[in-house]
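So that the names make sense, note that chain A is the first sequence line, chain B the second, and so on, each numbered from 1. Side chains included, hydrogens not; waters and symmetry mates left out as well; all remaining heavy atoms used.
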Protein chains: 2
Amino acid sequence: MQLSNTSQYAIRMLAYMADKKDSSLINATKLSEALQIPYKFLTKIMTELVKADLVVSIRGREGGYTLKKNASDIMVGDILKVFNDSMQDEQCVLGIGFCNGMCKCALHDQWMKPKRLLQKMFRESSLEDIAGRGCKI
Amino acid sequence: MQLSNTSQYAIRMLAYMADKKDSSLINATKLSEALQIPYKFLTKIMTELVKADLVVSIRGREGGYTLKKNASDIMVGDILKVFNDSMQDEQCVLGIGFCNGMCKCALHDQWMKPKRLLQKMFRESSLEDIAGRGCKI
DNA sequence: GTTAATTACTACTTTAAGGTAGTATTAAAT
DNA sequence: ATTTAATACTACCTTAAAGTAGTAATTAAC
């Protein structure tokens, strides 16, 4: 029960960029060193974030990446969506199709509360809320 | 953010066995048909549940499986532990080592509440609580 | 114009989860 | 004793995620 490696990396990358927003552009080499994420894997992820309109890239010498929107307008859930890692509302915790009021699985009732809180966290936590928080990056 | 296929299958298998406890022994063929889980994969999972002391197996003709304890004494969390799918208390949601009061990640504060509810669900939901619930198996 | 530093693209390799096949072992039924 | 129906074991195959390598495209610096 955890986020994919890719999603974890993406959140950390964007949170770091939000924290360093003053220096406008940051390049893949610096990010990779700062966050200890393999360079090639990081650029692969970043290209997807560019295509998803969360990040702007400037190619060529002196290029780099920067957030496309205000940090307060990018939610953790938006990032997870890019990697199909967000929770569908009717996603069954036991993997039996979809769960709703009509037809639910054995664990459904117990699952409702934690699921709602998870969704709330993803929906309401912005990059601004998390940038620079904690003691590790 | 979801349970592994193996854990989902294991929970469904045990919940079904708890529900059919009256007929004491159930065999892999029947279980596989009832739950639509590939036979060979089911037996592989079941063997691990036997080794983990959650299930008793009777080999030979007329053999099968049955729960080793009362359904009320087997928690969902016990099942997840077998497949390393339960949540460690200090597991970092962003995958940066461990999180605790001393050192936490950027999402740690927002993660606490949903995590606690997830842990509570795993810790407090027994097979008895979920057996026969819902409209699908 | 050439060079250097950057992102983008394509293709590959590695690892782990998910799943399958075949055979050995066990024990009740006959 | 033999047959049959069951679990256990070993080894393999498939798929998707994670990660790597090399090259093309782009653009500022010189």
Side-chain angles (χ1 to χ4, degrees), chain A residues 1-14 17 23-68 80 82-86 94-96, chain B residues 1-14 17 23-68 80 82-86 94-96:
Chain A
M1 191 45 100
Q2 60 178 10
L3 294 174
S4 69
N5 243 340
T6 302
S7 292
Q8 292 176 335
Y9 284 162
I11 294 169
R12 290 172 57 207
M13 286 156 55
L14 293 177
M17 288 167 68
S23 48
S24 77
L25 279 189
I26 184 160
N27 67 44
T29 306
K30 291 240 178 69
L31 254 185
S32 161
E33 283 167 0
L35 303 183
Q36 294 280 89
I37 297 172
Y39 173 81
K40 280 290 195 178
F41 196 36
L42 181 143
T43 59
K44 191 187 213 172
I45 293 170
M46 199 62 103
T47 298
E48 293 194 69
L49 294 173
V50 169
K51 286 180 182 160
D53 277 337
L54 295 180
V55 168
V56 176
S57 68
I58 308 292
R59 298 179 68 168
R61 187 162 175 161
E62 306 288 294
Y65 302 101
T66 191
L67 297 183
K68 187 156 183 178
L80 299 186
V82 177
F83 305 101
N84 288 313
D85 215 355
S86 62
L94 294 184
I96 321 171
Chain B
M1 192 48 92
Q2 59 178 9
L3 295 173
S4 70
N5 243 341
T6 302
S7 292
Q8 292 177 336
Y9 284 161
I11 294 169
R12 291 172 57 205
M13 287 156 55
L14 294 176
M17 289 166 66
S23 48
S24 76
L25 279 189
I26 184 160
N27 68 43
T29 306
K30 291 242 179 68
L31 253 186
S32 162
E33 283 166 1
L35 303 183
Q36 294 278 91
I37 297 172
Y39 172 82
K40 280 290 194 178
F41 196 36
L42 182 143
T43 59
K44 189 187 214 173
I45 293 169
M46 199 62 104
T47 299
E48 293 192 69
L49 293 172
V50 169
K51 286 181 183 160
D53 277 336
L54 296 180
V55 169
V56 176
S57 68
I58 308 294
R59 298 179 67 169
R61 187 165 174 161
E62 307 288 292
Y65 302 101
T66 190
L67 297 183
K68 187 156 185 178
L80 299 186
V82 177
F83 305 100
N84 288 312
D85 214 357
S86 63
L94 294 185
I96 320 171

Item checked: For B/Ser24, all residues meeting side-chain hydrogen bond (donor to acceptor under 3.5 Å, both in side chains), sequence neighbours excluded -> none
Margin query: Using a heavy-atom cut-off of 4.0 Å across all strands, would you classify A/Tyr9 as base, sugar-phosphate, or nothing?
Written below: sugar-phosphate
Margin query: Taking side chain to side chain contact (heavy atoms under 4.5 Å, CB included) as the definition, give me every residue that meets it alongside B/Asp85, ordered by chain and number, with sequence neighbours left out.
Written below: B/Leu3, B/Ser4, B/Ser7, B/Leu80
Check: Can you name the side-chain hydrogen bond (donor to acceptor under 3.5 Å, both in side chains) partners of B/Glu48, sequence neighbours left out?
Finding: none
Check: Between atom CG in B/Asn84 and atom P in C/dA16, what is the gap in whole Å?
Finding: 13 Å
Could you list the protein-to-nucleotides 10-15 of chain C atom pairs, N/O on both sides, closer than 3.5 Å?
none

Checklist line | A/Lys51: partners by side chain to side chain contact (heavy atoms under 4.5 Å, CB included), with sequence neighbours left out | finding: A/Thr47
Item checked: Between P of D/dC30 and CD of A/Glu62, the distance in whole Å -> 8 Å
Note to self: Applying side chain to side chain donor-acceptor pair (under 3.5 Å) as the test, list every pair that has at least one member in residues 26-38 of chain A; sequence neighbours left out.
What the structure shows: none
Check: Can you find a side chain N or O atom of A/Asn27 that sits less than 4.0 Å from OP1 or OP2 on C/dT6?
Finding: yes
Next item on the list: Please identify each residue that fulfils side chain to side chain contact (heavy atoms under 4.5 Å, CB included) with A/Ile58, with sequence neighbours left out.
Entry: A/Leu25, A/Val56
Notebook entry, point to check: Partners of B/Tyr9 by ring pair (Phe, Tyr, Trp, His ring centres under 6.0 Å), sequence neighbours excluded?
Noted result: B/Phe41
Notebook entry, point to check: According to a strict under-4.0 Å criterion, is B/Thr43 in side-chain N/O contact with OP1 or OP2 of D/dA8?
Noted result: no
Notebook entry, point to check: Among residues 29-41 of chain B, which residues get a heavy atom nearer than 4.0 Å to DNA chain C?
Noted result: B/Pro38, B/Lys40, B/Phe41
Next item on the list: Could you grab the distance from atom CD of A/Gln2 to atom CE of B/Met1, nearest 0.5 Å is fine?
Entry: 8.0 Å
Note to self: I need the A/Leu14 CG to A/Ile45 CD1 distance, nearest 0.5 Å.
What the structure shows: 10.0 Å
Check: Considering only heavy atoms, which members of residues 46-61 of chain A lie under 4.0 Å from some atom of DNA chain D?
Finding: A/Arg59, A/Gly60, A/Arg61
Check: Just how far is it from atom OG1 of A/Thr6 to atom CD1 of A/Ile11, taken to the nearest 0.5 Å?
Finding: 11.0 Å
Next item on the list: Give me the bend of the helix from C/dG1-D/dC30 to C/dT30-D/dA1, using the axes of the five pairs at each end, rounded to 10°.
Entry: 10°
Next item on the list: Report the distance from atom CD1 of B/Ile45 to atom P of D/dC9, rounded to the nearest whole Å.
Entry: 16 Å
Margin query: Without decimals, in angstroms, what is the distance between B/Asn5 CG and D/dT14 P?
Written below: 19 Å
Check: Rounded to whole angstroms, how far apart are CD1 on B/Ile26 and C1' on D/dT7?
Finding: 15 Å
Next item on the list: Quick one: which residue pairs count as a side chain to side chain donor-acceptor pair (under 3.5 Å) with a foot in residues 54-63 of chain A, not counting sequence neighbours?
Entry: none
Item checked: Test item: B/Arg12 side-chain N/O and A/Leu94 main-chain N/O as donor-acceptor pair under 3.5 Å -> no
Next item on the list: Report the distance from atom CG of B/Leu49 to atom NZ of B/Lys44, rounding to the nearest 0.5 Å.
Entry: 13.5 Å
